[in-house]
Amino acid sequence: MNEAAGERVAAATPTPPRLEWRVATVVSTREETRRTRTLILDIPQWPGHRAGQHVDVRLVAEDGYQAQRSYSIASAPAEGTVALTVERLDDGEVSPYLCDVLHPGDGVEVRGPIGGYFVWEAARKGPLLLVGGGSGVVPLMAMLRQHARSGPAARAEVPVRLLYSARTLDDVIYRAELEQLADPPHVEVAITLTRAAPPDWSGYHRRIDRAMLEAVSWPPSAEPNVYVCGPTPLVESVATLLVELGHTASRVRTERFGPTG
Amino acid sequence: MQTEDLRLDGNAAGGVLRELFAQEMTAALGTCAGCGTTGAIGALLEYGHDMGTILRCPHCNSPVLRIVRASSQMRVDLSGILFLAIPMAGSVA
């Protein structure tokens, strides 16, 4: 997609005036890692979404008790269906249901798309730096997938780098697809493992720190658009380090993922 | 669970803010009444609890927006916001 087309798409999908709960149908599911599962949803009257947006999911028990959570959309806007990748939190109220109970053909209540701040458009100028921790990679994946669908000229104009922190190699969500998407210098993927790493591991093996960010990111003069998503401590530490390195705070967009499940 | 564990940000309040304002609000710019700093609503700090949501300024920690769900009401305290600039639907941010 070229930039002009990107703008037209955005202009053609204004925010609907009311945010309504709709029953989505599970089209298929995919186990991503031991703790994460992707649900492909068909949502009636879906107005289309932007990379980085999320949906709210609501479960209602027979006695009327409700539990509601937000989940980022992993699919690119042009894909037609909506993919959510959900991390299973064993003591959670919603994620175990989404990860273990829902099957293709089942319905689940969702509303969305939601969000306008942590959103990347293909029309946005400048290199794209994505920093994710754990399941915080999910909205960043929507951006990478959208980038991959843009034309070669647009891809060359907007290089992307992803720095992704996971506990172990087995916890890396979308690992095969990330390897496929990597296409230096246009798309670079750096993974850091914070716990166990295989003996032949050639990536980083520590928490994200200043030196790693300096090595992976462009200099502030390149004016990259930065998106940071993950657990609150990671997001706040990365955002602070990036500003210390000279990046403009307003170019560093953040989304904190909580322990709610 | 510690309060720190529950601190998210304004993105997480996007749904309830859409209920309230009938607009996408996380990209809206709000000016904090406490310190005068202007920033995106999505970048505010969110402290959620069972009853509702408090969004605080990331610079001075003043409460900017308080939303409480009581039995049949949504109660909203906007006194922490001096000014709001809301992008019109369909515009490219």
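Below, all heavy atoms of this structure are taken into account, side chains as well, without hydrogens, waters or symmetry copies. Proteins come first, then strands; the chains are lettered A, B, ... in the order of their sequence lines, and each starts at number 1. Remember, it's a predicted structure, so these values are computed and weren't measured experimentally.
- Leu45(B) and Arg256(A) get closest at one heavy-atom pair: CD2-NH2, 3.4 Å.
- Around atom CZ of Phe21(B), more than 12 heavy atoms belonging to other residues, nucleotides or ligands sit under 6.0 Å away.
- Atom CZ of Arg210(A) has more than 12 neighbouring heavy atoms from other residues, nucleotides or ligands inside a 6.0 Å radius.
- The structure places CZ of Arg111(A) at 8.5 Å from CZ of Arg18(B), a figure rounded to the nearest 0.5 Å.
- Each of Gly14(B), Ala40(B), Gly15(B) has some count of heavy-atom pairs under 4.5 Å with chain A, and the biggest count is that of Gly15(B).
- Here Tyr117(A) contributes atom OH and Asn11(B) contributes atom CG; the two are 7.0 Å apart, rounded to the nearest 0.5 Å.
- Closest approach of Ser70(A) and Ala12(B) over heavy atoms only: OG-O, 4.3 Å.
- Looking at Thr26(B), its side chain does come within 3.5 Å of a backbone N or O of Gly116(A) through a donor-acceptor pair.
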